[in-house]
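Written below as structure tokens is the structure these notes are about.
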Amino acid sequence: MFTGIITDIGTIREAEQRGDLRLVIGSAYDMESVAIGASIACSGACLTVVEKGADWFAVDLSAETVARTAPGLWVEGGRLNLERALKVGDELGGHIVTGHVDGVGHLVSATSEGDSTRLVIAAPSTLAAALAAKGSITLDGISLTVNNVEDQADGSVHFGLNIIPHTAAETTLDALPQGRAFNLEIDVLARYLDRMMSLRTRAM
């Protein structure tokens, strides 16, 4: 489990396609305290440490993981929002995050609003029912609050977020090219409610 509070920005030093995709990620974490087999959320995807060095760790991504996450994310030179797994007694500063990506969103617009940046993100129709104003969303591993939701004619949804300067400086949200893809994870409660409602509808 995670909280969506980013504690480091890693850089992909190597990306090698073997049977799976092997990434070597540079990090400022104290790797002495990171065990082989530990979970680290990498831009919202929970990945397992399979190898490590003094200032890096390696993970393997299956074809399923690559297919279900943001395109273009897992390339050499790419930057990743990192968070180590939550320990019992740690402060829950964001919200409960599982590290399972529910869908991919795309940047519609980024505009200045006071000192902050206002983002509008397009999310697929499969996530529309799980997004609500003042609810939680994980964007590339970052715990954020949804400001507003606008349903679209095709069933998809646009939702708004405000990014304060501290969040932009401490994450990969300092770079926002038009159309940028993001890993999205809906609130875990919304995931279970969606499942319950779909079963109830099917039974009627």
Side-chain angles (χ1 to χ4, degrees), residues 2-6 9 41-46 64-75 78-83 93-202:
F2 305 92
T3 68
I5 303 299
I6 304 307
I9 296 178
C42 299
S43 286
C46 177
E64 173 75 3
T65 299
V66 174
R68 289 187 174 272
T69 53
L73 183 63
W74 314 115
V75 296
R79 298 188 306 149
L80 303 172
N81 295 315
L82 303 181
E83 181 187 357
H95 70 283
I96 295 174
V97 175
T98 65
H100 299 154
V101 177
D102 294 302
V104 175
H106 292 85
L107 180 64
V108 175
S109 63
T111 56
S112 296
E113 191 172 271
D115 292 329
S116 299
T117 301
R118 173 78 167 186
L119 303 186
V120 176
I121 309 293
S125 58
T126 52
L127 302 186
L131 292 168
K134 305 310 175 187
S136 296
I137 186 75
T138 306
L139 188 76
D140 272 1
I142 309 162
S143 173
L144 296 167
T145 300
V146 176
N147 285 343
N148 69 296
V149 175
E150 295 182 3
D151 294 317
Q152 305 298 301
D154 62 358
S156 66
V157 63
H158 288 184
F159 64 94
L161 306 164
N162 270 77
I163 309 302
I164 63 173
H166 175 80
T167 300
E170 297 296 321
T171 69
T172 61
L173 293 182
D174 59 343
L176 296 165
Q178 187 71 24
R180 173 177 164 177
F182 297 98
N183 291 330
L184 303 179
E185 180 185 332
I186 60 174
D187 183 77
V188 66
L189 296 178
R191 183 183 291 131
Y192 286 116
L193 284 171
D194 183 57
R195 173 66 174 162
M196 290 166 63
M197 291 302 295
S198 67
L199 290 175
R200 181 175 297 180
T201 302
R202 203 179 307 167

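Keep in mind it's a predicted model, so treat the numbers as computed, not measured.
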*Pairs in or reaching into residues 165-176: which pass salt bridge (Lys or Arg N to Asp or Glu O under 4.0 Å), with residues at least two apart or in two chains?*
Arg79-Asp174

*Apply side-chain contact (heavy atoms from CB on, under 4.5 Å) to the pair Thr172 and Phe182, showing each step before the final yes or no.*
CA-CA 11 Å; Thr172 61; Phe182 297 98; over 6 Å; no

Is any side-chain heavy atom of [X] less than 4.5 Å from a side-chain heavy atom of [Y]?
| X | Y | result |
| --- | --- | --- |
| Leu131 | Ile137 | yes |
| Pro71 | Val104 | yes |
| Leu119 | Leu107 | yes |
| Leu80 | Ile9 | no |
| Thr3 | Val97 | no |
| Glu185 | Val101 | no |
| His158 | Gln152 | yes |
| Ile121 | Arg180 | no |

*Mark yes when over 12 heavy atoms from residues, nucleotides or ligands other than Asp115 sit less than 6.0 Å from its CG; otherwise mark no.*
no

*asked:* Take a 6.0 Å sphere around CD1 of Ile96 and say whether it holds more than 12 heavy atoms from other residues, nucleotides or ligands.
replied: no

*So how far is it from Ile186 CD1 to Ser136 OG, rounded to the nearest 0.5 Å?*
11.5 Å

_From Phe159 atom CZ to Leu184 atom CG, the distance as rounded to the nearest 0.5 Å_ = 5.0 Å

*Hey, is the main chain of Ile6 close enough, under 3.5 Å, to the side chain of Glu83 for a donor-acceptor pair?*
no

_Tell me if a side-chain donor or acceptor on Arg68 pairs with a main-chain N or O of His100 at a distance below 3.5 Å._
no

Minimum-distance pair of heavy atoms, taken over all atoms of [X] and [Y]:
| X | Y | result |
| --- | --- | --- |
| Ala110 | Thr117 | CB-CG2, 4.1 Å |
| Ser43 | Leu73 | CB-CD2, 4.0 Å |
| Ala123 | Ser156 | O-CB, 3.3 Å |
| Trp74 | Cys42 | CH2-O, 3.5 Å |

Quiz: residues 142-150 side-chain donor-acceptor pairs under 3.5 angstrom, not counting sequence neighbours:
unit_1 : atom_1 : unit_2 : atom_2 : d
Ser143 : OG     : His95  : ND1    : 2.7
Asn147 : ND2    : Asn162 : OD1    : 2.6
Asn148 : OD1    : Arg118 : NH2    : 2.4

*Leu173 pairs by side chain to side chain contact (heavy atoms under 4.5 Å, CB included) with which of Ile163, Asn81, Leu161?*
Ile163

*Go through the steps for Asp154 and Ser125 under the test side-chain contact (heavy atoms from CB on, under 4.5 Å), then give the verdict.*
CA-CA 8 Å; Asp154 62 358; Ser125 58; over 6 Å; no

*Listed by chain and number, what are the side-chain hydrogen bond (donor to acceptor under 3.5 Å, both in side chains) partners of Asn183, not counting sequence neighbours?*
none

